[in-house]
Visitor: 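To start, I am sharing the structure in question, which I have written as structure tokens.
Note that the structure is predicted; figures quoted are calculated from it, not measured. The sequence lines fix the lettering, A, B, ..., with proteins before strands; numbering per chain opens at 1.
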Protein chains: 2
Amino acid sequence: MHVKRRYHHGSLKQALVDAAIELLAEGGPSALTLTEAARRAGVTPAAPYRHFSGRDALLAELARQGFETFGERIEAAWDEGRPDAQAAMRAMCGAYLKFAREEPGLYAAMFGQAATLADPGAGGAADHALEILWRAVVAWLQEAGAPAQGARHVAMQIWALAHGVAMLAISGHLDPCKTADPALVLEGAVQGVMAAAGKAKT
Amino acid sequence: MHVKRRYHHGSLKQALVDAAIELLAEGGPSALTLTEAARRAGVTPAAPYRHFSGRDALLAELARQGFETFGERIEAAWDEGRPDAQAAMRAMCGAYLKFAREEPGLYAAMFGQAATLADPGAGGAADHALEILWRAVVAWLQEAGAPAQGARHVAMQIWALAHGVAMLAISGHLDPCKTADPALVLEGAVQGVMAAAGKAKT
DNA sequence: ACCTGAACACCGTTCAAGT
DNA sequence: ACCTGAACACCGTTCAAGT
């Protein structure tokens, strides 16, 4: 099933990234080992250093690709709910939590410490995801007849809300409240924030 | 300056915890090493295993003590703002972000993966912190003349909000919006959520 | 240009042995 | 009961050497 092994792998860089995503999904951030990723790619532990300056660089590339697919999912959910801004926002929230739940390791890598700050590519991908959220907020506010001024601030609030719910759900802190479905917690709060934003400007 | 070294340290467990908190503050979660903590406590790398079953157990104890002081800070802020529920809530939010900003490593350990789920003590301390927040929400709703039903749900929303803002601030994702002061983002959103909660029940 | 082989420092963990 | 000493497996990283 495996392709003919040449001395030169040919696409080692992406093979390492794919293996790393697997490891992240299987055992969380601590399971992400450069050595194990190399082993799964069929090379020695020293080989990755031709493509990444170290473990942190692999993590940054992981975060970049994570933000990329994350942005695509969010954007797809937004398009799906249009032109009803409220329905689109609800779909986005659902897609957000779905991504975090299905890829907790990747999500943690994306937001883990300064991994994204170091890599400009990852930072750009993250900014792009935020842009999508920002446009959604603007559309909602316009639909509600409220001026879009301060929409970025509101977008930040909603992002923090989604991030907080996602992280608490991943770490299991949301479970004690058995009645607390993450999606409901998020949607309810988003409604509140948006209502307040609309009224404050009217 | 160091006490007379006996063969039996006497209070090694707490010494390890203190050293671990230092390491967390200095270099983040990845810098927390059982071996280095032992070194700072003046014992060999094997000594900690008489007090902790492993690195994860030390992390759980760290989370427990972190939640304990965290709960105290939150409660103190609440008492400070009383009897004005809104002012008390604002003080709590400020104390929340202050703790996360001053002890980012400890905060990360408290909410990192399943560290708290494993240890019942840490889970209890976390629940206690949530209780304080819950009582604050109830008081605010009562003051606003709204029934306190669903207050736990609202408390969860506010916790998620505070957690999200704190995490985004720590990881540097809040910086791109230069105008976004974490405290302002949090306060504004809390206002919105509380206003919506008050009106939904009236 | 890309990868192997061997090496070093370091960490988590175990266990027999010391006090 | 508590700690040391020695040991093992494992990982990150480097570098000279191979293709």
Side-chain angles (χ1 to χ4, degrees), chain A residues 2-24 26-63 105 108-109 112-115 118-119, chain B residues 2-24 26-63 105 108-109 112-115 118-119:
Chain A
H2 54 80
V3 292
K4 269 198 199 138
R5 183 74 55 69
R6 298 172 296 287
Y7 190 90
H8 294 76
H9 186 286
S11 57
L12 180 55
K13 185 167 182 175
Q14 189 58 40
L16 288 169
V17 169
D18 293 341
I21 291 179
E22 271 186 39
L23 292 172
L24 229 38
E26 290 172 13
S30 65
L32 171 48
T33 275
L34 210 47
T35 301
E36 180 61 25
R39 192 155 28 225
R40 295 205 181 187
V43 294
T44 61
Y49 288 85
R50 285 292 134 186
H51 302 277
F52 299 101
S53 63
R55 186 181 183 272
D56 289 349
L58 174 59
L59 251 148
E61 175 62 20
L62 230 53
Q113 295 297 79
D119 187 281
Chain B
H2 53 79
V3 292
K4 270 200 199 137
R5 183 73 55 67
R6 298 172 296 287
Y7 191 92
H8 294 76
H9 185 287
S11 57
L12 181 55
K13 186 168 183 176
Q14 189 58 39
L16 289 167
V17 169
D18 293 341
I21 291 178
E22 270 186 40
L23 292 171
L24 230 38
E26 290 172 12
S30 64
L32 171 48
T33 275
L34 210 47
T35 300
E36 180 61 26
R39 191 154 28 224
R40 296 204 180 189
V43 293
T44 62
Y49 288 85
R50 285 290 134 187
H51 302 276
F52 299 102
S53 64
R55 186 181 184 274
D56 289 350
L58 174 58
L59 250 147
E61 175 61 21
L62 230 52
Q113 295 296 80
D119 186 280

Visitor: Quick check: any donor-acceptor pair below 3.5 Å linking the side-chain of B/Tyr7 to the base of D/dC2?
Guide: no
Visitor: Heavy atoms only: give me the nearest B/Ser53-B/Ala57 pair and the separation to one decimal.
Guide: OG-CB, 3.5 Å
Visitor: Just how far, in rounded Å, is P of C/dG18 from NE2 of B/His8?
Guide: 15 Å
Visitor: For the atom pair CG (A/Leu16) and NE2 (A/His51), what is the distance rounded to the nearest 0.5 Å?
Guide: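 That separation rounds to 7.0 Å.
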Visitor: Return the NE2 to CD distance between B/His9 and B/Gln14, rounded to the nearest 0.5 Å.
Guide: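 Rounded to the nearest 0.5 Å, the NE2-CD separation comes out at 10.5 Å.
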Visitor: If every non-hydrogen atom of A/Ala41 is compared with every non-hydrogen atom of A/Ala15, which pair is closest and at what distance?
Guide: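 Scanning both residues completely, I find the closest heavy atoms to be CB-CB, 4.2 Å.
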Visitor: DNA chain D: stems of at least 3 consecutive Watson-Crick or G-U pairs, cut-off 3.5 Å?
Guide: C:4-8 with D:12-16, C:12-16 with D:4-8
Visitor: Start with the C-alpha distance between A/Glu22 and A/Asp18, add both sets of side-chain angles, then the distance that settles side-chain contact (heavy atoms from CB on, under 4.5 Å), and finish with yes or no.
Guide: CA-CA 6 Å; A/Glu22 271 186 39; A/Asp18 293 341; 5.7 Å; no
Visitor: Identify the two heavy atoms, one from A/Gly54 and one from A/Leu34, that lie closest to each other, and give their separation to 0.1 Å.
Guide: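 It is C-CD2, 4.1 Å.
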Visitor: Is the phosphate of D/dC3 approached by B/His51 (side-chain N or O, under 4.0 Å from OP1 or OP2)?
Guide: yes
Visitor: Let me know the distance between NE2 of B/His9 and C1' of D/dC3, rounded to the nearest Å.
Guide: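 Nearest whole value for this atom pair: 11 Å.
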Visitor: One character per nucleotide, please: for nucleotides 5-16 of chain D, 5' to 3', B when the base has a protein heavy atom closer than 4.0 Å, S when only the sugar-phosphate does, - otherwise.
Guide: B-----SSBBB-
Visitor: Specify the closest pair of heavy atoms between A/Leu23 and A/Ala37, including all atoms of both residues, with the distance to one decimal.
Guide: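 Where A/Leu23 meets A/Ala37 most closely, the heavy atoms are CD1-N, 3.8 Å.
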Visitor: Any donor and acceptor pair, going by atom type alone, linking the side chain of A/Arg55 with main-chain N or O of A/Leu32 inside 3.5 Å?
Guide: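 Yes, the answer is positive, given that a donor and an acceptor are paired below the 3.5 Å cut-off.
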